[in-house]
2 protein chains.
Amino acid sequence: MGTVKNKGNVREASCQEELTAMRDSIEILGGKWKLLIMRYLTNRTAEHNHFKKIQRGINGISAKMLAKELKDLEVNMMVTRTIQDTRPVTVEYAITEYGKSIIPVTDMLVQWGLNHREKIKEEVLV
Amino acid sequence: MGTVKNKGNVREASCQEELTAMRDSIEILGGKWKLLIMRYLTNRTAEHNHFKKIQRGINGISAKMLAKELKDLEVNMMVTRTIQDTRPVTVEYAITEYGKSIIPVTDMLVQWGLNHREKIKEEVLV
DNA sequence: GCTATCAGTTAACTTCAGGTAACTAGTTAC
DNA sequence: GTAACTAGTTACCTGAAGTTAACTGATAGC
C-alpha cells in the first residue's frame with residue numbers, strides 16, 4: 001500500500017476479496033433449483049416439507065434433481081433431513097437456523113423479479 | 001380465499017408467484033459470471049470498465065464468456081456499451097441506473113460469502 | 001517490416017448441469 | 001396378487017456452459 005499508484009478506484013485487494021466471497025455464495029446457492037428450494041422451505045412449516053410435497057410445490061423439478069440439491073444443501077448446513085416414523089416412511093426437510101441467513105437474499109430476488117416484470121411491461125408500452 | 005381449507009401454511013398462489021419471480025431473477029442473473037461482472041462494474045468508475053480491464057479484474061473469465069455475458073446483460077438493460085473514440089479503440093461498459101437495483105443483492109451475497117467462510121472455520125475448530 | 005495494443009470472433013473441443021424414464025424397497029389397501 | 005403410496009436410485013442422453021487457441025482488423029511504436 002502507501003506509495004502504490006492505484007489507477008482504478010477503490011482498493012484492489014478488497015475488490016478481489018469481494019469477488020471471491022461472491023464466488024463462494026454462487027457455488028453454494030447457484031444453479032437452477034437451490035434458491036427455489038430454500039424459498040419453498042422458508043414458506044412452509046416443517047410438517048409440510050416432505051420430499052413429495054416439495055417436488056409438487058416446485059414446478060418442474062425431477063426427483064433426481066431434488067434429491068441431489070437437498071443433499072448439497074444438507075452438506076452445507078442449510079437444511080436438515082429427518083426420517084419420520086410413519087407408514088409409508090416420510091422424510092422431513094427443514095431449513096436450519098443458519099440456512100435462514102439466506103432469507104434476505106431470496107426476499108430481494110423475489111422483489112427484484114417482481115419489479116423486473118413491471119419494468120418489462122413498461123418497456124413494451126413506451 | 002375465505003372458506004378454502006389451506007392445508008399448507010401461507011397462501012398457495014402467492015408462493016408460486018414468489019417462486020416464479022425468483023425464476024426470472026435467476027434466469028437473468030444466474031450462472032457463473034453475471035453477478036461477478038455486475039459487482040466488478042459497481043466497484044469501478046466507467047473509465048476503468050474497458051473490456052480488457054474487466055477480463056483482467058475477474059479472474060479466470062475468457063474473452064468469449066465475457067463478451068457473451070456482457071451481451072446478455074446489455075439485452076436485459078443492466079449495462080451499457082459505449083465505443084470510445086480512442087486509438088486503439090476501447091469499449092466502455094457501465095452499469096445502468098436500473099442495473100444498480102441489483103447492488104443490494106450482490107452486497108448480501110458478498111456478506112453471506114464472507115460470513116460463510118467464518119462459519120466453515122468455526123465448524124473445523126469445533 | 002515487426003511487434004504490440006484493444007475488442008472481440010470463430011472453431012473445435014470437453015465438461016457438466018439437468019432431463020427422462022425405468023427401477024428399487026418397504027408398506028398398505030383392495 | 002396387484003396397485004399405490006412413500007423416498008429415492010440408476011443409467012442414459014442432450015444441450016448448454018465453458019475452455020483453449022488461433023485469428024481479424026484497426027492503430028501505434030520501434
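Proteins come first, then strands; the chains are lettered A, B, ... in the order of their sequence lines, and each starts at number 1.
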To the nearest angstrom, how far is [X] atom [atom1] from [N] atom [atom2]?
| X | N | atom1 | atom2 | result |
| --- | --- | --- | --- | --- |
| E92(B) | dC6(C) | CD | P | 15 Å |
| Q84(B) | dT27(D) | CD | P | 16 Å |
| N49(B) | dG8(C) | CG | P | 13 Å |
| I26(B) | dA17(C) | CD1 | C1' | 14 Å |
| K34(A) | dG18(C) | NZ | C1' | 12 Å |
| L66(A) | dA7(D) | CG | P | 10 Å |
| K53(B) | dG8(C) | NZ | P | 15 Å |
| F51(A) | dC5(D) | CZ | P | 16 Å |

Would you tabulate the nitrogen or oxygen pairs shorter than 3.5 Å linking the protein to nucleotides 27-30 of chain C?
none

Less than 4.5 Å apart, any side-chain heavy atom of R23(A) and any of N59(B)?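 In contact.
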Note, I54(B) side chain near L41(B) side chain (heavy atom, < 4.5 Å):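 They are in contact (side-chain heavy atoms under 4.5 Å apart), so the answer is yes.
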Just jot down the ring-ring contact (aromatic ring centres under 6.0 Å, His included) partners of H50(B), sequence neighbours excluded, or say none.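 Result, ring-ring contact (aromatic ring centres under 6.0 Å, His included) vs H50(B): none returned.
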Might you point out which heavy atoms bring K32(B) and I26(A) nearest each other, and give the distance in Å?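 In terms of heavy atoms, the two residues are closest at O-CD1, 4.5 Å.
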Looking only at heavy atoms, what is the nearest atom pair of Q55(B) and S62(B), with distance?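 Closest heavy-atom pair between Q55(B) and S62(B): NE2-C, 3.7 Å.
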Can you pull every protein N or O that's under 3.5 Å from an N or O on nucleotides 15-18 of chain D?
unit_1, atom_1, unit_2, atom_2, d
dG18(D), N7, K64(B), NZ, 3.4
dG18(D), O6, K64(B), NZ, 3.4

Those residues of residues 72-83 of chain B lying under 4.0 Å from DNA chain C by at least one heavy atom: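 Within this stretch, R81(B) sit under 4.0 Å of the strand.
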Mind checking side-chain hydrogen bond (donor to acceptor under 3.5 Å, both in side chains) for E122(B) and listing every partner two or more places apart, or none if nothing turns up?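 None.
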Taking any heavy-atom pair under 4.0 Å as a contact, classify K71(A): base, sugar-phosphate, or nothing.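 Counting heavy atoms under 4.0 Å across all strands, the contact made by K71(A) is with sugar-phosphate only.
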Hey, does A67(B) reach any base, or is it just sugar-phosphate, or nothing, if we go heavy atoms under 4.0 Å?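 Sugar-phosphate contact only - A67(B) comes under 4.0 Å of backbone atoms but never of a base.
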Tell me whether the rings of H116(B) and Y98(A) are parallel (<30°), tilted (30 to 60°) or perpendicular (>60°).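 H116(B) and Y98(A): parallel rings.
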Applying side-chain contact (heavy atoms from CB on, under 4.5 Å), can you list everything that pairs with T20(A), at least two apart in sequence or on another chain?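 T20(A) satisfies side-chain contact (heavy atoms from CB on, under 4.5 Å) with R117(B) once adjacent residues are dropped.
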With respect to the phosphate group of dC6(C), does any side-chain polar atom (N or O) of Y93(B) fall under 4.0 Å of OP1 or OP2?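 It does not, given that no N or O in the side chain of Y93(B) lies less than 4.0 Å from OP1 or OP2 of dC6(C).
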What verdict does the salt bridge (charged side-chain N to carboxylate O under 4.0 Å, His left out) test give for E97(A) and K100(A), after you've listed the backbone C-alpha separation in whole Å, the side-chain angles of each residue and the deciding distance to 0.1 Å? CA-CA 5 Å; E97(A) 270 312 307; K100(A) 287 179 185 169; 2.9 Å; yes
Salt bridge or not between E74(B) and R81(B)? Use side-chain N to carboxylate O under 4.0 Å.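 Looking at R81(B) together with E74(B), the answer is no, because their closest N to O distance does not fall below 4.0 Å.
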Strictly under 6.0 Å, is that where the ring centroids of H48(A) and Y40(A) end up?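 No; Y40(A) has its ring centre 6.0 Å or more from that of H48(A).
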